[in-house]
There are 2 protein chains.
Amino acid sequence: MEKRSKKSQQENTKDLSAEEKIKAAARQLFTKKGYSATRTRDIAEAAGINLALLNYYFRSKEKLFDLIMLENFGQFIHGVRNLFNDKNSSLDQKIENLVDFYISQLIVNPDLPLFVLNEIRSDPKKLQARGFFRDILRKSYFMQQLVEELARQKRTDINPIHIMVNIFSMTIFPFAAAPIICYVGELAEQEFIQVMEERKILIPVWIKKMIAAK
Amino acid sequence: MEKRSKKSQQENTKDLSAEEKIKAAARQLFTKKGYSATRTRDIAEAAGINLALLNYYFRSKEKLFDLIMLENFGQFIHGVRNLFNDKNSSLDQKIENLVDFYISQLIVNPDLPLFVLNEIRSDPKKLQARGFFRDILRKSYFMQQLVEELARQKRTDINPIHIMVNIFSMTIFPFAAAPIICYVGELAEQEFIQVMEERKILIPVWIKKMIAAK
DNA sequence: GTCTATATACGGATAGAC
DNA sequence: GTCTATCCGTATATAGAC
């Protein structure tokens, strides 16, 4: 009993299954190098298993990729849906929560932004397919609160899309550009993370200034 | 005479050379899809020439790619070097010039950001190789002015790297995320461009607010 | 310089033994 | 379930005719 998960019954072997090892290796390589540049042989080697097993478990490279991609997208979106439609938090709180949530996620998975952006560009249909973003953002309670606040501050001159874009730009872009930032700023990995932690506090303050009356 | 360029002497044929057509097609495909996902056959077809010519002119796919990449990087950097070290412009003017320059460039070449970011991640050595960014940013006159201004505003609490990151984030990221923004905001291409044009004015204002004393 | 035809390599996928 | 050996399509690159 104990920690034995409720997976397939045959999994009474010792430890982490080959299937899981393949997925972990595939996630790392696909997320880092993209679909075309990743070879199934590399995945197999990284997973420490045989190439044939990959096809045994996942049928094809493409099927495996689709699986990873869905999980990556899900991870990227999950939580935002709830944060944005929480009826009990103020606009300011939502911004703080969102920025904190994203930065925390991206510190652990810094390759996600480029992966998602590349995927969407290479096949924009992925956006509609799941209706991933539209209702999450455009029709969200967050958007409603943002528009109201802009009206209260007499900032109807400013398109709310700019504010949305700025939140995501300042939060996500630094991770996509991490190698440049570390190189230019002469930052080690830990220092970079420290800078990103600072931004959890700073970005909401900056956004508030943008919205504030002139 | 007239418009005849001073290229190779044998180029006394009628119009745009095959070599140029290949480079143009290669730039478009490489920039859009990356190295691995682009096939030399596609380049040849897009250029309207035979596959063998590609190797005749450029020896190999990789050599051709390196050429395109260098030019893309150059285009991305060129101008910034001068803008940042102009002794005769104020900090505010530099920010305005930089944002205007980048957004104008990116409206024409919206695929450049992802291309550059992908290339750097896949091979961070490219950063050092040319010393592309370091002295342009860190040791620039712009950086000096920024640090001085932060001191004058009694904002020594804020690491200047944040301001740099914010300028580039707000300027560049929207182009990398263009498909998402257009989808969420229900923007046609022209409307997206219009929004980006607005940002030429807005971003410098926002940055000024970030630097301003509390 | 430009083409056709082809050599060569590589990567995804499968057959079949254990 | 896991391995070895191998097949086969595809993509790069070149040889050689014109």
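Note on naming: letters A, B, ... go to the chains in the order of the sequence lines (proteins, then strands), and numbering restarts at 1 for each one.
Listed by chain and number, the residues in a side chain to side chain contact (heavy atoms under 4.5 Å, CB included) with R39(B) are D42(B) (sequence neighbours excluded). Looking at residues two or more places apart in sequence or on another chain, you find a salt bridge (Lys or Arg N to Asp or Glu O under 4.0 Å) between D111(A) and R121(B). Listed by chain and residue number, N50(B) satisfy the side chain to side chain contact (heavy atoms under 4.5 Å, CB included) test with A52(B) (two or more places apart in sequence, or in another chain).
Under 4.0 angstrom from either OP1 or OP2 of dG12(C) there lies at least one side-chain N or O belonging to T40(A).
Look at CG on N55(A): it is 12 Å from C1' on dA15(C), rounded to the nearest Å. Rounded to whole Å, the distance from CG on D42(A) to P on dA13(C) is 14 Å. Across the protein-nucleic acid pair, K61(B) atom NZ and dC10(C) atom C1' stand 12 Å apart, rounded to whole Å. Protein atom CZ of F58(B) is 17 Å distant from nucleotide atom C1' of dT14(D), rounded to whole Å. We find that CZ of R39(A) is positioned 8 Å from P of dG12(C), with the value rounded to whole Å. In this structure, CG of L54(B) is placed 13 Å from C1' of dT14(D), rounded to the nearest angstrom. Summarising the geometry, the separation between CZ on F65(A) and P on dA13(C) is reported as 14 Å, rounded to the nearest angstrom.
Atom OH of Y141(B) is separated from atom CG of L83(B) by 14.5 Å, given to the nearest 0.5 angstrom.
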I'd like to compare against my own output: the B/S/- annotation of nucleotides 2-7 of chain D with a strict under-4.0 Å heavy-atom distance to protein. BBB---
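Within residues 26-36 of chain B, no residue is approached by DNA chain D to less than 4.0 Å at the level of any non-hydrogen atom.
Taking the centre and axis of the six-membered ring of Y35(A), the NZ or CZ atom of K61(A) falls inside the cone set by 45° and 6.0 Å.
With respect to D86(A) and K94(A), no salt bridge is recorded, no charged nitrogen being found less than 4.0 Å from a carboxylate O.
Among residues at least two apart or in separate chains, salt bridge (Lys or Arg N to Asp or Glu O under 4.0 Å) pairs with a member in residues 27-38 of chain B are R27(B)-E71(B).
No more than 12 heavy-atom neighbours from other residues, nucleotides or ligands sit within 6.0 angstrom of CD on Q28(B).
In this model, no donor atom of one side chain and acceptor atom of the other lie less than 3.5 Å apart for N159(A) and R199(B).
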